2 protein chains.
Amino acid sequence: MALRHAVLAALLDGEYSGYQLTKIFDIGVSNFWYAAPQQLYAELTKLEADGLVTGREVVQRGRPNKRVFKVTGAGLSELAAFAATPAKPLLIRDDLAVKVHAVDLLDPAPVIEQLHDRARQAAAKLEVFEQLLLRLRGELDEETFLRQGENVGPYLSCLAGCRLERETRAWCLETARTLGERMARAGRETS
Amino acid sequence: MALRHAVLAALLDGEYSGYQLTKIFDIGVSNFWYAAPQQLYAELTKLEADGLVTGREVVQRGRPNKRVFKVTGAGLSELAAFAATPAKPLLIRDDLAVKVHAVDLLDPAPVIEQLHDRARQAAAKLEVFEQLLLRLRGELDEETFLRQGENVGPYLSCLAGCRLERETRAWCLETARTLGERMARAGRETS
DNA sequence: TAGCAGTACTCATGAAGGTGAGTAGTCATG
DNA sequence: CATGACTACTCACCTTCATGAGTACTGCTA
């Protein structure tokens, strides 16, 4: 039961359909969770069966109807209970870091390329997150908003996403540069 | 097949037993992978069956014997193939960020407490990682080591871990402060 | 008017990961 | 000399996650 709470938390921001959640979870809900569409639909079905969310049909013209969901009182209680239990340690799984760890005995070229890819992705996400921050805080500056704003939760978690993406980008670029320089040097010495 | 490569990468640093890997993976192999002991033992068994690692018995006095493993040629090829395939996007799952996202409608007190816990954990990990960096680079300073050192892979991935932990600590403390101040303010206003 | 991209969702399956419980010997501590 | 902590490892089960494939309707574009 983990995706469960992420979905509930996402639905606090408004009513969403499974498809809309797909978009939100695709970029990783401010970077703290990822899920595939099928998982989301399955989870929504379960959540509704458990009475933690309610769905209602929205009739649309020019496109298929959709069912949007919102959190019920029971859902809020569930979230409250969840928030009160000790947090599991941050879970990270990173292919690329594994590759970097092993890079001394491997061909560094593809790893360098992947580092650049990742840096680009991080930059793109960072931009999305920074737009989101602007939208969330409206006309207020950050300090004022954090002091007086209404919904600081999403803002705060998005800040975490920003930090992560910024560091990811910096690390990828530095690491790629380091490996690139070593490759060039090794090339000169062997030739 | 994912833990698989993390285990292979970890075994590049030397021969380790399942139990030793437990310790390494417990703090998260420089923060890029976590696995429970049972998973590691199971994975080692499979890796050995597939000829990617070989084990040998080490007889010990005063404590149980152990089996240590090292990567074979086939294992290295497997890693090389893995390094050449495009990296999966970074996977993050963070309970605490979900809680922060939802904090506006919940009791912030337990969340604040968990943020402090997390900050402490991050500080502890950071210290471990910084010790590891010192050990890895020996007498050289970082720049020289990265230019001329032999095994920079583990160093580089550990740098990623450091960045992550530093940011985690900073974010947790800032977020806890923000939420704490808002709580105090709300308390004054209601009373 | 064929074809493709987008919205919206479902079904099925298997691999990967998580967890509790248990064994067995050694060592230090009170 | 009992208790708990540490090393070292195993078995078994169950949840979660990941993936491919498929349906259906709309609107745009070439």
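Chain naming here is simple, since letters A, B, ... match the order of the sequence lines and numbering starts at 1 in each. Bear in mind the structure is a predicted one, so any value in this text is a computation, not a measurement.
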Q: So what does B/Arg61 touch, heavy atoms closer than 4.0 Å: a base, only the sugar-phosphate, or nothing?
A: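 The residue B/Arg61 makes no contact with any strand.
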
Q: Just the rounded figure in Å: distance from P of D/dT10 to CG of B/Leu44.
A: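 Computing the B/Leu44:CG to D/dT10:P distance gives 9 Å.
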
Q: Ignoring the backbone of B/Ala36, work out which of C/dT7, C/dT19, C/dA8 is nearest its side chain.
A: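 It is C/dT19.
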
Q: Tell me, do B/Val68 and B/Tyr19 make a side-chain contact under 4.5 Å, heavy atoms counted?
A: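 No, their side chains stay 4.5 Å or more apart.
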
Q: Take the protein atom NZ of A/Lys46 and the nucleotide atom C1' of C/dC9, then report the distance between them rounded to whole Å.
A: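 Taking atom C1' of C/dC9 as the reference, NZ of A/Lys46 is at 17 Å.
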
Q: Indicate yes or no for a side-chain donor-acceptor contact from A/Asp104 to the backbone of B/Val152 under 3.5 Å, with no hydrogens or angles considered.
A: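 Confirmed, A/Asp104 side chain pairs with B/Val152 backbone.
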
Q: May I ask you to decide whether A/Arg147 forms a salt bridge with A/Glu143, counting only side-chain N to carboxylate O separations under 4.0 Å?
A: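 Salt bridge present between A/Arg147 and A/Glu143.
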
Q: Take the protein atom CZ of A/Arg4 and the nucleotide atom C1' of D/dT15, then report the distance between them rounded to whole Å.
A: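 Atom-to-atom, A/Arg4 to D/dT15, this comes out as 13 Å.
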
Q: Is the shortest side-chain N/O distance from B/Tyr41 to OP1 or OP2 of D/dT10 below 4.0 Å?
A: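 Checking B/Tyr41 against D/dT10: no side-chain N or O falls below 4.0 Å of OP1 or OP2.
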
Q: Could you give the CG-to-P distance, from B/Asp95 to D/dT16, as a whole number of Å?
A: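 Value for this atom pair: 13 Å.
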
Q: Taking atom C1' of D/dT7 as reference, at what distance in whole Å does atom CG of B/Leu40 sit?
A: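 So the two atoms are 15 Å apart, to the nearest Å.
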
Q: If you pin B/Lys66 and A/Arg63 to their nearest nucleotides in DNA chain D, which one's is more 5'?
A: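 It is B/Lys66, whose closest nucleotide lies nearer the 5' terminus.
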
Q: Over all strands shown, is B/Gln60 touching base, sugar-phosphate only, or nothing at heavy-atom distances under 4.0 angstrom?
A: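 Counting heavy atoms under 4.0 Å across all strands, the contact made by B/Gln60 is with sugar-phosphate only.
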
Q: Under 4.0 Å, heavy atoms only, any strand: does A/Thr22 hit a base, just the sugar-phosphate, or nothing?
A: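 Nothing, no heavy atom under 4.0 Å.
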
Q: May I ask you to decide whether A/Lys66 forms a salt bridge with A/Glu15, counting only side-chain N to carboxylate O separations under 4.0 Å?
A: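 Result for this pair is no, no salt bridge flagged.
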
Q: Quick check: on DNA chain C, is the nucleotide nearest A/Val68 upstream (toward 5') of the one nearest B/Gly62, or the reverse? Name the residue that is more 5'.
A: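 Looking at DNA chain C, the more 5' nearest nucleotide goes with A/Val68.
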
Q: Ignoring the backbone of B/Leu3, work out which of D/dA8, C/dG17, C/dC9 is nearest its side chain.
A: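 Closest nucleotide to the B/Leu3 side chain: C/dG17.
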
Q: Take atom CG of B/Asn65 and atom P of D/dC9, then tell me their distance rounded to the nearest Å.
A: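 Answer to the nearest Å: 9 Å.
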
Q: From C/dC9, C/dG17, C/dT7, pick the nucleotide closest to the side chain of B/Gln39?
A: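 In terms of side-chain proximity for B/Gln39, the closest of C/dC9, C/dG17, C/dT7 is C/dG17.
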
Q: Looking only at side-chain atoms of B/Tyr19, point me to the closest of C/dC9, D/dC6, C/dG18.
A: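 Nearest to the side-chain atoms of B/Tyr19, counting from C-beta on, is D/dC6.
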
Q: Are the side chains of B/His101 and A/Pro154 in contact, using a 4.5 Å heavy-atom criterion?
A: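 The answer is yes, as the side chains (C-beta and beyond) meet within the 4.5 Å cut-off.
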
Q: Name the closest nucleotide to the A/Arg93 side chain, picking from C/dT19, C/dG17, C/dC9.
A: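 When the side chain of A/Arg93 is considered, C/dG17 is the closest of C/dT19, C/dG17, C/dC9.
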
Q: Mind calculating the distance between NZ (B/Lys23) and C1' (D/dA8) to the nearest angstrom?
A: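 Checked: the NZ to C1' distance equals 10 Å.
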
Q: Output the rounded distance in Å from CD (A/Gln20) to P (C/dT7).
A: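 Rounding to the nearest Å, CD of A/Gln20 and P of C/dT7 are 10 Å apart.
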
Q: Are OP1 or OP2 of D/dC9 and a side-chain N or O of B/Ser17 less than 4.0 angstrom apart?
A: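 For B/Ser17, the contact criterion (side-chain N or O under 4.0 Å from OP1 or OP2 of D/dC9) is met.
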
Q: Would you check if A/Tyr16 and A/Leu40 make a side-chain contact, meaning some heavy-atom pair closer than 4.5 Å?
A: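 Heavy-atom side-chain distance check fails, nothing below 4.5 Å.
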
Q: Nearest to the side chain of B/Pro64, heavy atoms from C-beta on, is which of D/dA18, D/dT19, D/dA8?
A: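 Side chain of B/Pro64 sits closest to D/dA8.
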
Q: Does a distance-only test, which skips hydrogens and angles, find a donor-acceptor pair under 3.5 Å between the side chain of B/Gln38 and the base of C/dG18?
A: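 Under the 3.5 Å cut-off, the side chain and the base do not form any donor-acceptor pair.
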
